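Below is one structure; the comments refer to it alone.
Keep in mind that what you see is a predicted model, and the values were worked out from it rather than measured. Every chain is numbered from 1 and lettered A, B, ... according to where its sequence line falls, protein lines coming before strand lines.
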Number of protein chains: 2
Amino acid sequence: MKTRDRILQVALALFNEEGEAPQSAVDIANALDMSPGNLYYHFKGKDAIIRALFDDFEHEMRIILRGSRGKITSIEDNWIYNYIILEEIYDFRFFYRNLGELLARYPDLAVRFRALLAEKRQTITSLLKGLDQRGVLFLGPRMGDVITDQILSALTFWLNLDVIEGSKVTPSTLIHKTVFQIMALVAPHMGKDGFAIMQSMIAYYDSKIGA
Amino acid sequence: MKTRDRILQVALALFNEEGEAPQSAVDIANALDMSPGNLYYHFKGKDAIIRALFDDFEHEMRIILRGSRGKITSIEDNWIYNYIILEEIYDFRFFYRNLGELLARYPDLAVRFRALLAEKRQTITSLLKGLDQRGVLFLGPRMGDVITDQILSALTFWLNLDVIEGSKVTPSTLIHKTVFQIMALVAPHMGKDGFAIMQSMIAYYDSKIGA
DNA sequence: GTCTATAAATGGATAGAC
DNA sequence: GTCTATCCATTTATAGAC
């Protein structure tokens, strides 16, 4: 394996497990059993590593977002789609733990992250509109935007609330819980079927987390 | 005004406006036209200042939470109550911008912050239960917990999404928008009145932000 | 209480040998 | 490509004069 890739791999693991902020370039070099000088030969510093990691994340997230266009019609599709997005975020979770501070430190990444968010918003909006038009959903005026905001917020901060509350659930359970939360944002707008759908989602969720 | 209080006041303003992470003890001293040595005479360092600021925040937030017990019965009461909480958070917004990283750096504050969150959760849960029992709300099994999570999340991360999306609304508009979002989480569960209530909330919200 | 001066520690970064 | 050695800048923290 190329040294460059090894650095990215180990740095990502280190950031995800210990947090990005406390790690210095020397810490990363140590984790790789490598001299700081050598690390600087491959990357100009921690900044360059973070930018390279964001490149990877951005690329993969775009594939996921683009790949879903027009293919999601059922509730089950929605569940799976959310699951895939959350798993991708989990792989680069160090980024979301610190989001505000990180984007303040790297304005260039902030621009790109916002573009990604805008694409997500777009995807969610058109998805909801499709469900509304097919009569699966009943959205009053403005409610489309309101729910989009709520879903976007859930997708962005699900990891934070968990950390802050100090919960100790497994990653898999947390992802399932989050998907459930997102579905629960939509279910109340499903008219008289909403209650039944909510019930079956609860059953599905319980089976996933083994409750 | 006592020097100690001046330090806290200026440090809070500095953290809120420029972010907490980039400010060193020397920066704070400069903002006060004071020598670092003098700052260290009053506080052992930035850590001690942050702890003192958290003391203030915790104290005021507890007063707000305690003061509301059993007094909130109408939708209008809810609107006002949320507004007061959001304003208090806004006064100490530096804390919420960085929440994850900050709590990781100060485990003692993490414990206290979690206790505060638990008290908030408690308040929201009993509030929803009250509305459910009086027939204002219709919550299926589990839905109480789900909505509580959603509200708690909105109250905790409203400032972050705004910063991340780079929006440029006034603080007042942002607070109104957030209250609206929280009410919109509850409205769909108000049975057949939900639609009308939602409509009147939208009108009220529009009047507040002058749209 | 407040200042100046300075020590001690840390993190970022590069030069030059191998 | 990789290492050692080193430098520079920043930050924390304290001692001692006023």
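For the pair A:Asp33 CG and D:dT2 P, the computed distance is 13 Å after rounding to whole Å. Put simply, CD on B:Gln23 is 15 Å from P on D:dT10, counting in whole angstrom units. Atom CD1 in B:Ile28 sits about 12 Å away from atom P in D:dA13, given to the nearest Å. Across the protein-nucleic acid pair, A:Asn38 atom CG and C:dC18 atom P stand 17 Å apart, rounded to whole Å. Here the C1' atom of nucleotide D:dT2 and the CZ atom of A:Arg6 are 12 Å apart, to the nearest Å. Atom-to-atom, CG of A:Leu32 to C1' of D:dT2 comes out at 13 Å; the value is rounded to the nearest Å. Going from atom CG of A:Leu39 over to atom P of C:dG11 covers 14 Å, rounded to whole Å. A straight line from NE2 of A:His42 to P of C:dT14 spans 16 Å, rounded to a whole angstrom.
Looking at A:Ser24 and A:Asp27, their side chains do bring a donor and an acceptor atom within 3.5 Å of each other. No side-chain N or O of B:Ser153 forms a donor-acceptor pair with one of B:Thr156 less than 3.5 Å apart.
Toward the 5' end of DNA chain C, the nearer of the two residues B:Met34 and A:Pro22, judged by each one's closest nucleotide, is B:Met34.
Residues A:Trp79 and A:Tyr204 place their aromatic rings such that the two centres sit under 6.0 Å apart. Annotation: A:Tyr96 is in aromatic contact with A:Phe113 [ring centroid separation under 6.0 Å].
Residue contacts shown for B:Lys44 are limited to sugar-phosphate atoms, with no base heavy atom under 4.0 Å away. Residue A:Ser35 is in base contact, counting any heavy-atom pair closer than 4.0 Å across all strands shown.
Among C:dT4, C:dG11, D:dT2, the nucleotide with an atom closest to any side-chain atom of A:Thr3 is D:dT2. Among the nucleotides C:dG12, D:dC3, D:dT12, the one closest to the side chain of A:Tyr40 is C:dG12. The B:Tyr41 side chain lies nearest to C:dG1 when the options are C:dG12, D:dG1, C:dG1. Set against D:dT12, C:dG1, D:dT2, the side chain of B:Val26 has D:dT12 as its closest nucleotide.
Between A:Leu99 atom CG and A:Leu109 atom CG the span is 10.5 Å, to the nearest 0.5 Å.
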